[in-house]
Amino acid sequence: MKVLDHKRNVHVLLVEDEPAIGMACQRVLTGRGFKVTVAVDGQAAQSLLVSNEYDICLLDIRTPQISGEELFKWIQVKRPEQVPGVILTTGDVISSDTARFIQTSGRPSLPKPFAPNELIEIVTSVLGQLPYESGK
């Protein structure tokens, strides 16, 4: 279990293939003191997850190379400790497949487009639910 250290920045992995959205999210999150690493596709994110720990993973469902859904399933098997920090994002709010995946994932989702305050609210909410040990 992770130990919460208030002296370090919270590390966010942002998986986003749309440069404008990625830059906007990075600007908002770093402006609030978060450390942000951007992966432009699921394959890059998977490589980062193999060798790094992240508190939050903002995962776009529709990404090149490896889809967000495939990456989430990989996280469940290979990095299950990361699952509580996953937040799904998507601009595809119409597809029944996407809706079904979001529902069955059990993870919170943030539909695009979203406002900066919505991004901060969901990240803060998920951080508050992470299974950190206290008093260490």
For this session: Establish whether Val50 and Leu48 are linked, either directly or via other cluster members, by ILVMFWY side-chain heavy-atom contacts under 4.5 Å.
Result: yes
Exercise. If every non-hydrogen atom of Val126 is compared with every non-hydrogen atom of Pro108, which pair is closest and at what distance?
Worked result: CG2-CG, 3.6 Å
Exercise. Quick one: does Ile87's side chain get under 4.5 Å of Cys57's, heavy atoms only?
Worked result: no
Exercise. Between Trp74 and Ile61, is there a shared hydrophobic cluster once you connect ILVMFWY residues whose side-chain heavy atoms come closer than 4.5 Å?
Worked result: yes
What pairs of donor and acceptor atoms, side-chain ones from residues 27-37 against any protein atom, are under 3.5 angstrom apart with sequence neighbours left out?
unit_1, atom_1, unit_2, atom_2, d
Thr30, OG1, Gln26, O, 2.7
Thr30, OG1, Arg27, O, 3.4
Thr37, OG1, His11, NE2, 2.8

Problem set entry | Connected via hydrophobic side-chain network under 4.5 Å: Val38 and Leu110 | yes
Problem set entry | Shortest non-hydrogen contact between Gly68 and Leu59, atoms and distance | O-CD2, 3.5 Å
For this session: Identify whether Ile21 and Leu71 are in the same connected component of the hydrophobic contact network (ILVMFWY, side-chain heavy atoms under 4.5 Å).
Result: no
Exercise. Side chains of Leu13 and Asp55: closer than 4.5 Å at any heavy-atom pair?
Worked result: no
For this session: Report the distance from atom CG of Leu58 to atom CG of Leu88, rounding to the nearest 0.5 Å.
Result: 9.5 Å
Problem set entry | Thr89/Val15 under side chain to side chain contact (heavy atoms under 4.5 Å, CB included): CA gap, chis, key distance, verdict | CA-CA 9 Å; Thr89 65; Val15 186; over 6 Å; no
Exercise. From Glu18 CD over to Cys25 SG, what is the distance, rounded to the nearest 0.5 angstrom?
Worked result: 10.0 Å
Problem set entry | Heavy-atom check, side chain of Gln82 versus side chain of Gln76, under 4.5 Å | no
Seminar exercise, completed: Taken in chain and number order and not counting sequence neighbours, the residues that satisfy side-chain contact (heavy atoms from CB on, under 4.5 Å) with Ser95 are Arg62, Asp92, Asp97, Thr98
Seminar exercise, completed: residues 103-122 vs side-chain hydrogen bond (donor to acceptor under 3.5 Å, both in side chains), sequence neighbours excluded, gives Glu16-Lys112, Asp60-Lys112
For this session: Report yes if the side chains of Leu127 and Leu130 come closer than 4.5 Å at any heavy-atom pair, otherwise no.
Result: yes
For this session: Nearest 0.5 Å please: distance from the CD atom of Glu70 over to the CD atom of Gln65.
Result: 10.5 Å
Problem set entry | Pairs meeting criterion ring pair (Phe, Tyr, Trp, His ring centres under 6.0 Å) with involvement of residues 95-121, two or more places apart | Phe72-Phe101
Seminar exercise, completed: Sequence neighbours excluded, the answer for side chain to side chain donor-acceptor pair (under 3.5 Å) partners of Ser125 is Gln129
Problem set entry | Straight-line distance of Lys73 NZ to Ile66 CD1, nearest 0.5 Å | 13.0 Å
Problem set entry | Cluster link Ile120 to Ile56, ILVMFWY, side chain under 4.5 Å | yes
Exercise. Going by heavy atoms in the side chains, are Ile102 and Thr90 under 4.5 Å from each other?
Worked result: yes
Exercise. For residues 38-51, which residue pairs qualify under salt bridge (Lys or Arg N to Asp or Glu O under 4.0 Å), counting only residues two or more places apart or in two chains?
Worked result: none
Problem set entry | Distance (rounded to the nearest 0.5 Å) between Leu14 CG and Met23 CE | 12.0 Å
